[in-house]
Amino acid sequence: MSYERWKQVDDYIDGLFVGPDEVLDETLRASDAARLPPIAVAPNQGKFLYLLAKLFGARSILEIGTLGAYSTIWLARALPPDGRLVTLEYEPAHADVARENIANAGLQEWVEIRVGDAHETLAQLAEEKAGPFDLVFIDADKESYPEYFAWSLDLSRVGTLIVADNVIRDGAVADPSSDDPRVTSVKRFNEIVAREPRVEATILQTVGVKGHDGFAVALVVG
Ligand code: SAH
Ligand code: DHB
Ligand code: MG
């Protein structure tokens, strides 16, 4: 199976289940125009996150890693009228693009962007007792995934769903010889999640326009 085939199939899925969407399409256009890296989740993955948020009846969502707010908009669209989403972004330039895209989506009342290093903004949220969140989406720097998981647990309750993007990395996580820190830290994250008695979890590997990667999903049970 080639990348071309994966892309064809993603286009097929998006044609059936996503379709043209002025707001989301403009979000990607504006992100490209501002030279943000093209690493937002794929459209069908965004729809998947949206469905998870709906399935969990999520009223409060925490996202770690905003970029241009593509995944943010998918998740925020799943919120009820009294819901809220907090998204954490290190790069002020990314946050500026995200803010514009969120406003263009009409979601500014529901979404708060916190600009800064997530290590600090997560500590702030804990300090403010901003949790528990119903759903947490981890998608920032891969080196920090183990720490982000610890904070996510702190900001959770029994029944919270923690989702993490990019936990397969072209399959490199299954290669014992990989010494790329983005791979070794994600492997450490996967092992921590697997051993953590407070969650039940698994990983779904994915292929498509974003290559070969995967989502970890962990349900907080204790
Ligand atoms: N969730 C987005 C993609 C996020 S890309 C989507 O799917 O649409 C990862 C983002 O995490 C980048 O914007 C990057 O600037 C941000 N990031 C990296 N390190 C960070 C840190 N320490 N704290 C907060 N954000 C960080
Ligand atoms: C990459 C992909 C992502 O989805 C992400 O969140 C960060 C980086 C990448 O392919 O480099
Ligand atoms: Mg990602």
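We count ligands from 1, going down the list as the structure has it; atoms in each ligand are counted the same way. If you read the sequence from its start, that first residue is 1, and numbering goes on from there.
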Handout entry: Ile64 backbone acceptor or donor facing Asp139 side chain under 3.5 Å
Key = no
Practice task
Run the salt-bridge test on Glu128 and Arg114 with the 4.0 Å N-O cut-off and return the result as yes or no.
Solution key: yes
Problem - Angle, OD1 of Asn166 through the Mg ion (ligand 3) to OD1 of Asp139 - 10° precision - result: 90°
Handout entry: Under-4.0 Å heavy-atom contact with ligand 1, by part of His94 that carries it
Key = side chain
Exercise for the section: Indicate, as side chain, backbone, both or neither, the part of Leu36 found under 4.0 angstrom from ligand 1 when only non-hydrogen atoms are considered. Expected result: neither
Handout entry: Flag for Glu112-Thr87: side-chain donor and acceptor within less than 3.5 Å
Key = no
Exercise for the section: If you have a sec, work out which protein heavy atom is nearest atom 6 (O) of ligand 2 and how many Å separate them, to one decimal? Expected result: Asp139 OD1, 2.8 Å
Fill in the blank from the handout: So the atoms of ligand 1 within less than 4.0 Å of a heavy atom of Tyr90 turn out to be 20 (C), 21 (C), 23 (N), 24 (C), 25 (N), 26 (C)
Practice task
Could you tell me whether a side-chain N or O of Asp21 sits under 3.5 Å from a main-chain N or O of Val23, the two making a donor and an acceptor?
Solution key: yes
Fill in the blank from the handout: For atom 5 (S) of ligand 1, the closest protein heavy atom turns out to be Ile39 CD1, 3.7 Å
Exercise for the section: Give yes if a backbone or side-chain nitrogen or oxygen of Val41 is under 3.5 Å from a nitrogen or oxygen of ligand 1, and no if not. Expected result: yes
Handout entry: Minimum non-hydrogen distance to atom 12 (C) of ligand 1, winning option of Lys210, Lys142, Glu91, Glu89
Key = Glu89
Problem - Proximal atoms of ligand 1 relative to Tyr148 (non-hydrogen, under 4.0 Å) - result: 21 (C), 22 (N), 23 (N)
Problem - ILVMFWY network linking Leu79 to Leu107, side-chain heavy atoms under 4.5 angstrom - result: yes
Completion exercise
atom 17 (N) of ligand 1 has as its nearest protein heavy atom Ala140 CB, 3.9 Å
Exercise for the section: Mark the output for Trp74 as yes if a heavy-atom distance to ligand 1 is under 4.0 Å, and as no if none is. Expected result: no
Fill in the blank from the handout: Correct closest heavy-atom pair for Glu89 and Glu91 would be OE2-N, 2.9 Å
Fill in the blank from the handout: atom 19 (N) of ligand 1: closest protein heavy atom, distance to 0.1 Å, is Asp141 OD1, 3.1 Å
Exercise for the section: Give yes if a backbone or side-chain nitrogen or oxygen of Ala69 is under 3.5 Å from a nitrogen or oxygen of ligand 1, and no if not. Expected result: no
Exercise for the section: Determine whether the side chains of Asp180 and Ser178 contain a donor N or O and an acceptor N or O closer than 3.5 Å. Expected result: no
Fill in the blank from the handout: Any heavy atom of Asn166 under 4.0 Å from ligand 2? The part involved is side chain
Exercise for the section: Examine the side chains of Lys142 and Tyr145 and answer whether a donor and an acceptor come within less than 3.5 Å of each other. Expected result: yes
Problem - Close N or O approach (Ala118, ligand 1; < 3.5 Å) - result: yes
Handout entry: Main-chain N/O of Thr160 paired to Asp134 side chain as donor or acceptor, under 3.5 Å
Key = no
Exercise for the section: Please answer whether the main-chain N or O of Gly208 pairs with a side-chain N or O of Asp10 as donor and acceptor at a distance below 3.5 Å. Expected result: no
Practice task
Examine the side chains of Lys7 and Tyr3 and answer whether a donor and an acceptor come within less than 3.5 Å of each other.
Solution key: no
Problem - Where ligand 1 meets Gly116 - atom numbers and elements under 4.0 angstrom, heavy-atom basis - result: 23 (N), 24 (C)
Fill in the blank from the handout: closest protein heavy atom to atom 6 (C) of ligand 1 is Ser71 OG, 3.0 Å
Handout entry: Donor-acceptor pair between Tyr148 and Asp141 side chains, under 3.5 angstrom
Key = yes
Exercise for the section: Check whether any heavy atom of Gly68 sits under 4.0 Å from an atom of ligand 1. Expected result: no
Completion exercise
One finds that the ligand 2 atoms under 4.0 Å from a non-hydrogen atom of Asp165 are 4 (O)
Handout entry: the Mg ion (ligand 3) - name of the N/O/S atom of Asp165 that sits closest to it
Key = OD2
Practice task
Give the atoms of ligand 1, by number and element, whose distance to some non-hydrogen atom of Asp117 is under 4.0 Å.
Solution key: 21 (C), 22 (N), 23 (N)
Completion exercise
The option among Lys142, Arg169, Lys210, Arg182 carrying the non-hydrogen atom nearest to atom 10 (O) of ligand 2 is Arg169
Exercise for the section: Using a 4.0 Å heavy-atom threshold (strictly under), name the region of Val41 that reaches ligand 2: side chain, backbone, both or neither. Expected result: neither
Fill in the blank from the handout: Hits for side-chain contact (heavy atoms from CB on, under 4.5 Å) against Asp82, two or more places apart or cross-chain, chain-then-number order -> Arg59, Pro80
Problem - Rounded distance [0.5 Å steps], CZ in Phe48 versus CD in Gln45 - result: 9.0 Å
Exercise for the section: Under 4.0 Å from a heavy atom of Asp139: give me the atoms of ligand 1 that qualify, with their elements. Expected result: 1 (N), 2 (C), 3 (C), 4 (C), 5 (S), 6 (C), 7 (O), 9 (C)
Problem - Thr206 versus Gly214, closest heavy-atom pair with distance - result: OG1-N, 3.6 Å
Handout entry: Closest approach of any protein heavy atom to atom 8 (C) of ligand 2, naming residue and atom
Key = Ile39 CD1, 3.6 Å
